[in-house]
*Asks:* 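Have a look at the structure that comes next, please.
Proteins get letters first, then strands, A, B, ... in listed order; numbering begins at 1 in each. Computed from a prediction, not measured in an experiment: that's the story for all the values here.
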Amino acid sequence: MTARKRYWLMKSEPDDFSIDDLKRVGTEPWTGVRNYQARNFMKAMQVGDGVLFYHSNAEVPGIYGIAEVACTAYPDPSQFDRKSKYFDEKSNPEQPRWELVDVKYVRHLKHGISLNQIREHAEQLGEDFALIRKGTRLSVLPVSAAQWKLLLSLEGRNE
DNA sequence: GCCAACGTTGGC
DNA sequence: GCCAACGTTGGC
């Protein structure tokens, strides 16, 4: 029994790791998530789930590419690396606190979908869409099949 | 368990 | 660079 494909949105600062970087490396461990809710979403991911690649802290924040989940969650090695900025002294290998998934490049969007554009469709996306819900700063969040479809229908409309 | 202080996120 | 909003920490 295979779980039905699900969809997610994952944020990254392009100065740190962009969709171009993902294309170059192919597959990348999504390291550094230190928020329990975001971690729980990663633990729920299945191989092949769709990912919207979002650029935060960008000149024009928005969705710039598509990726997919390449493996199920496993402990984030950086939490045990004293030299890493993601080191967490309260975690230990017997009971790792933080997990991550690998994310695989699928494609760039023909045209990015800006946060402003996304906001224009807030009503259709619904109030539960965490990306534009007031005060929500989740870096990994679920997207419904309907939201996925609607968002991708905006691709290429922003000339 | 409360809450002030602090750190982080992320749009602008 | 600013700052609002939120999460976490730690004293009590």
Side-chain angles (χ1 to χ4, degrees), chain A residues 6-25 28-45 49-67 69 73-103 105-106 108-144 147-148 150-159:
Chain A
R6 278 179 290 190
Y7 302 96
W8 311 92
L9 182 146
M10 299 175 87
K11 298 180 186 175
S12 182
E13 303 195 14
D15 289 346
D16 189 42
F17 189 78
S18 70
I19 185 71
D20 294 343
D21 294 323
L22 184 61
K23 181 176 188 179
R24 192 162 36 75
V25 300
E28 178 77 2
W30 204 263
T31 194
V33 169
R34 294 294 179 268
N35 170 283
Y36 290 107
Q37 219 180 332
R39 180 207 63 184
N40 290 343
F41 287 137
M42 287 201 288
K43 286 172 85 166
M45 289 180 184
D49 281 0
V51 174
L52 298 170
F53 197 112
Y54 181 92
H55 284 179
S56 59
N57 263 321
E59 204 177 320
V60 180
I63 299 164
Y64 287 89
I66 308 286
V69 175
Y74 62 94
D76 181 345
S78 69
Q79 69 195 304
F80 307 124
D81 177 4
R82 290 199 163 271
K83 286 180 222 135
S84 169
K85 66 172 174 174
Y86 299 122
F87 175 69
D88 183 350
E89 63 180 5
K90 291 183 181 158
S91 187
N92 66 76
E94 285 72 40
Q95 274 189 303
R97 182 182 281 203
W98 305 111
E99 300 195 25
L100 52 70
V101 297
D102 291 351
V103 167
Y105 178 80
V106 174
H108 277 66
L109 296 192
K110 289 194 284 289
H111 302 280
I113 304 169
S114 71
L115 179 59
N116 281 338
Q117 263 182 292
I118 295 167
R119 286 220 175 94
E120 284 169 17
H121 296 81
E123 204 168 319
Q124 291 155 275
L125 288 164
E127 286 177 10
D128 65 325
F129 190 44
L131 181 67
I132 50 178
R133 197 165 58 210
K134 189 175 183 301
T136 303
R137 301 171 311 174
L138 270 178
S139 63
V140 177
L141 53 102
V143 176
S144 72
Q147 288 162 343
W148 173 276
L150 173 65
L151 288 167
L152 288 186
S153 78
L154 305 177
E155 183 185 5
R157 280 197 201 165
N158 61 340
E159 350 288 304

*Asks:* Among residues 7-18 of chain A, which ones have heavy-atom contacts with DNA chain B below 4.0 Å?
*Replies:* Lys11(A)

*Asks:* Would you check if Leu152(A) and Leu52(A) make a side-chain contact, meaning some heavy-atom pair closer than 4.5 Å?
*Replies:* yes

*Asks:* If every non-hydrogen atom of Ser139(A) is compared with every non-hydrogen atom of Val33(A), which pair is closest and at what distance?
*Replies:*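 In terms of heavy atoms, the two residues are closest at OG-CG2, 4.2 Å.
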
*Asks:* For Tyr74(A) and Asp102(A), which I'm curious about, is there any donor-acceptor pair between the side chains at under 3.5 Å?
*Replies:*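 Yes, Asp102(A) and Tyr74(A) have a side-chain donor paired with an acceptor closer than 3.5 Å.
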
*Asks:* Going by atom types alone, do Asp21(A) and Ser18(A) pair a side-chain donor with an acceptor below 3.5 Å?
*Replies:* yes

*Asks:* So do Ser144(A) and Phe129(A) actually touch side chain to side chain, heavy atoms under 4.5 Å?
*Replies:*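 Side-chain contact under 4.5 Å: no.
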
*Asks:* Pull out every residue in residues 126-136 of chain A that has a heavy atom closer than 4.0 Å to any atom of DNA chain C, ordered by number, or say none.
*Replies:* Lys134(A), Gly135(A)

*Asks:* So, applying salt bridge (Lys or Arg N to Asp or Glu O under 4.0 Å) with Asp76(A), which one of Lys43(A), Arg34(A), Arg97(A) is it?
*Replies:*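 That would be Arg34(A); it is the only one of Lys43(A), Arg34(A), Arg97(A) passing the salt bridge (Lys or Arg N to Asp or Glu O under 4.0 Å) with Asp76(A).
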
*Asks:* Looking at every heavy atom in both Val140(A) and Phe41(A), which two are closest together, and how far apart are they?
*Replies:* O-CD1, 3.2 Å

*Asks:* Return the minimal non-hydrogen interatomic distance between Trp8(A) and Trp148(A), and the atom names on each side.
*Replies:* O-CZ3, 4.3 Å

*Asks:* Going 5' to 3' along DNA chain C, between which two nucleotides do contacts with chain A fall, using a heavy-atom cut-off of 4.0 Å?
*Replies:* dA5(C) to dG10(C)

*Asks:* Under 4.5 Å between any side-chain heavy atoms of Leu115(A) and Tyr54(A), yes or no?
*Replies:* yes

*Asks:* Any chance the side chains of Gln79(A) and Asp88(A) put a donor and an acceptor closer than 3.5 Å?
*Replies:* no

*Asks:* Mapping Arg137(A) and Arg34(A) onto DNA chain C by nearest heavy atom, which one lands closer to the 5' end?
*Replies:*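 Mapping each residue to its closest nucleotide by heavy atoms, the 5'-most match is Arg137(A).
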
